Number of protein chains: 2
Amino acid sequence: MSFTATEENYIKAIYHLQQRLGKAGTTVLAEAMQTRPATVTDMLKKLEAKKLLHYRRYKGFSLTESGNRLALLIIRKHRLWEYFLVHKLGFNWDEVHYMAEELEHISSRELITRLDQFLGKPAFDPHGDPIPDGKGRLKTIRQMNLMTLPLKKILVVQSVRNQSADMLELLNHYHIGIGTKLKVLRRFAFDGSAEIKVDKQPITIISNQVAQNVYCCI
Amino acid sequence: MSFTATEENYIKAIYHLQQRLGKAGTTVLAEAMQTRPATVTDMLKKLEAKKLLHYRRYKGFSLTESGNRLALLIIRKHRLWEYFLVHKLGFNWDEVHYMAEELEHISSRELITRLDQFLGKPAFDPHGDPIPDGKGRLKTIRQMNLMTLPLKKILVVQSVRNQSADMLELLNHYHIGIGTKLKVLRRFAFDGSAEIKVDKQPITIISNQVAQNVYCCI
DNA sequence: ACATATTTTTAGATTAGTCTAAATTTTATG
DNA sequence: CATAAAATTTAGACTAATCTAAAAATATGT
Ligand SMILES: [Mn+2]
Ligand SMILES: [Mn+2]
Ligand SMILES: [Mn+2]
Ligand SMILES: [Mn+2]
């Protein structure tokens, strides 16, 4: 069975929404896909016909086993291409998303196998997100955000949750990237901001919104 | 202006037909695109509306300046990706065409610039075809096919014209690839076949169809 | 519990790319 | 040069992906 880029994008969006929100409805999926609920309903029927979704009208929908497998394959391709773009072609982490959004739909499986080899079978992409292996398995790392970690310990940045261009631009400004070492010196109750010391940078303050989106391990 | 993959495929096909046959008509383009003349007519109107084609109904069509530029950009992308697949990912030259057929439609220009850099700005693809540079310029090499070159001189294979899977399979069997050194020992008038000595291989005979499609320089 | 708000689906239309069958134009030929 | 053959275009239809507007189902709040 083969799928259009649009169908793949829907499957991926449903997977991510199920991960983040537990389950997804028509309206929230429409927002994620930048389209209208009516359009989503049409697509849900098509995806059900292709056995990627369980769907009962008005009741809800969820990925089937093969829908899940497809989602993980697309995510694998997306993250491997991002890794290639950053580590082989020298792009910055905030430049690669829209290119990977196209590259993830290149169909050849052999291409992905060889790309994985060529890159050294990486386990994490440039944003710290795990890359599913050939069987769809994900490595997980114990990590917490900067609001919940102990003060004055050396922390290593593992991933960032909000990966919007605006967020990545701000993190670049703070010299915070994946693998960066930093300490949280103190937290301010008033606005939840935090004073931090980033490796080799002067002490600064980050907002609560930033702190909540940066995940580290000790 | 942006173009669909289908539009790009048409523009590339028109370019190749104009190169090979001088000019192309609706029917021959339909064959090249594996579709029907009526479908081609519809597309010609669309491409004219996008200013990629000069088109006068019943009279013919040809690429505009920007149509030509677009064709060369797509060919550049196609051949750079083929080079990547062969020289970085280790594919054989007969495995890469259909993957490049998808990859050539990835839109980012910056991606192509960086890929070109990464590959060392190659001038020829794995089939010996020239890769247009960033400004659409092609390197050309003086080359002739094995039927027109002098006997008993060492020749270096530069390119192959027919690049069908069947042809490439046969050339692999003869251990003939781009850069291979060989000599034509004699030609047989009856069927136009040729006796050749391929570098380190025993003497064999190739058919006229093969000989006419292998291009070498002295 | 039932009226109102929210969510979801249906109905009907549009665009890109394709098809077949028929009409038209150009080219070739007796 | 008149007609037959070939090439090309038009007409009308279909599918995928989208939209708006309206209808239907579900959820919510006093
Ligand atoms: Mn995508
Ligand atoms: Mn990523
Ligand atoms: Mn293509
Ligand atoms: Mn090639």
Side-chain angles (χ1 to χ4, degrees), chain A residues 1-14 17-18 20-63 67 70-71 74 101-102 104-105 107, chain B residues 1-14 17-18 20-63 67 70-71 74 98 101-102 104-107:
Chain A
M1 184 76 86
S2 118
F3 307 101
T4 67
T6 306
E7 288 166 346
E8 292 186 347
N9 286 335
Y10 272 93
I11 291 297
K12 188 168 57 123
I14 293 166
L17 287 173
Q18 285 187 348
R20 282 205 285 276
L21 312 177
K23 67 170 319 192
T26 305
T27 308
V28 65
L29 179 53
E31 273 157 30
M33 294 300 296
Q34 312 232 72
T35 184
R36 300 303 179 151
T39 308
V40 168
T41 300
D42 290 343
M43 183 58 73
L44 293 177
K45 290 174 186 166
K46 199 181 314 172
L47 296 176
E48 187 195 28
K50 291 196 170 190
K51 306 220 186 291
L52 297 172
L53 274 191
H54 300 294
Y55 170 62
R56 282 175 17 266
R57 60 200 247 297
Y58 289 110
K59 298 308 170 87
F61 53 88
S62 62
L63 293 176
L70 178 59
I74 301 161
E101 204 55 50
E102 294 181 47
E104 71 190 359
H105 305 293
S107 59
Chain B
M1 182 77 87
S2 116
F3 307 101
T4 68
T6 306
E7 289 166 346
E8 292 187 346
N9 286 334
Y10 272 93
I11 290 297
K12 188 168 57 121
I14 293 166
L17 288 173
Q18 286 187 347
R20 282 207 283 277
L21 311 177
K23 66 172 317 194
T26 305
T27 308
V28 65
L29 179 53
E31 274 157 30
M33 293 300 296
Q34 312 232 72
T35 184
R36 300 302 178 153
T39 308
V40 169
T41 300
D42 289 343
M43 183 57 75
L44 293 177
K45 290 174 187 166
K46 198 181 316 173
L47 295 175
E48 186 195 29
K50 291 195 169 192
K51 306 220 186 291
L52 297 171
L53 274 191
H54 300 295
Y55 171 62
R56 285 181 7 269
R57 61 200 245 295
Y58 289 109
K59 298 308 172 84
F61 53 88
S62 62
L63 293 176
L70 177 59
I74 301 161
Y98 82 101
E101 204 56 49
E102 294 181 47
E104 70 190 359
H105 305 292
I106 302 297
S107 59

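A, B, ... follow the sequence lines: proteins, then strands. Residue 1 opens every chain. Worth saying up front: this structure is predicted, and the values here are computed from it rather than measured.
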Participant: What N/O pairs connect the protein and nucleotides 20-22 of chain D at under 3.5 Å? Give each pair on its own line.
Facilitator:
residue, atom, partner, partner atom, Å
dT20(D), OP2, Arg36(A), NE, 3.3

Participant: Check side-chain contact (heavy atoms from CB on, under 4.5 Å) between Ala24(A) and all other residues, then give those that pass, not counting sequence neighbours.
Facilitator: Leu17(A), Val28(A), Phe61(A)
Participant: Take atom CG of Asp42(B) and atom C1' of dA13(D), then tell me their distance rounded to the nearest Å.
Facilitator: 12 Å
Participant: Does a side-chain N or O from Thr27(A) land closer than 4.0 Å to OP1 or OP2 of dT6(C), or not?
Facilitator: no
Participant: Check side-chain hydrogen bond (donor to acceptor under 3.5 Å, both in side chains) between Lys50(A) and all other residues, then give those that pass, not counting sequence neighbours.
Facilitator: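 Lys50(A) satisfies side-chain hydrogen bond (donor to acceptor under 3.5 Å, both in side chains) with Glu7(A) once adjacent residues are dropped.
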Participant: Given that Gly25(B) and Thr35(A) both sit by DNA chain D, which one's nearest nucleotide is further toward the 5' end?
Facilitator: Gly25(B)
Participant: Which pairs count as salt bridge (Lys or Arg N to Asp or Glu O under 4.0 Å) when at least one residue sits in residues 31-43 of chain A, sequence neighbours excluded?
Facilitator: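 Listed once each, the pairs would be none.
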Participant: Glu7(A) has an atom CD; how far is it from atom P of dT18(D), in whole Å?
Facilitator: 10 Å
Participant: Starting from C1' on dT10(C), measure out to CG on Leu44(A) and report it in whole angstrom.
Facilitator: 14 Å
Participant: Assign Thr6(B) to base, sugar-phosphate, or nothing according to its heavy-atom contacts below 4.0 angstrom with the strands shown.
Facilitator: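 The answer is sugar-phosphate, as Thr6(B) gets under 4.0 Å only of primed atoms, P, OP1 or OP2.
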Participant: Go through residues 51-60 of chain A and report each residue with a non-hydrogen atom lying under 4.0 Å from DNA chain D, sorted by number.
Facilitator: Tyr58(A), Lys59(A)
Participant: side-chain hydrogen bond (donor to acceptor under 3.5 Å, both in side chains) with Glu8(A): which residues, sequence neighbours excluded?
Facilitator: His105(A)
Participant: May I ask you to say what Tyr10(A) touches in the nucleic acid, namely base, sugar-phosphate or nothing, with a heavy-atom cut-off under 4.0 Å?
Facilitator: sugar-phosphate
Participant: Kindly indicate whether the side chain of Asn9(A), heavy atoms from C-beta on, has any atom under 4.5 Å from the side chain of Phe3(A).
Facilitator: no
Participant: Inspect the contact between Arg57(A) and Glu48(A) and indicate whether a charged nitrogen and a carboxylate oxygen are less than 4.0 angstrom apart.
Facilitator: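 A salt bridge is absent here (no side-chain N lies under 4.0 Å from a carboxylate O).
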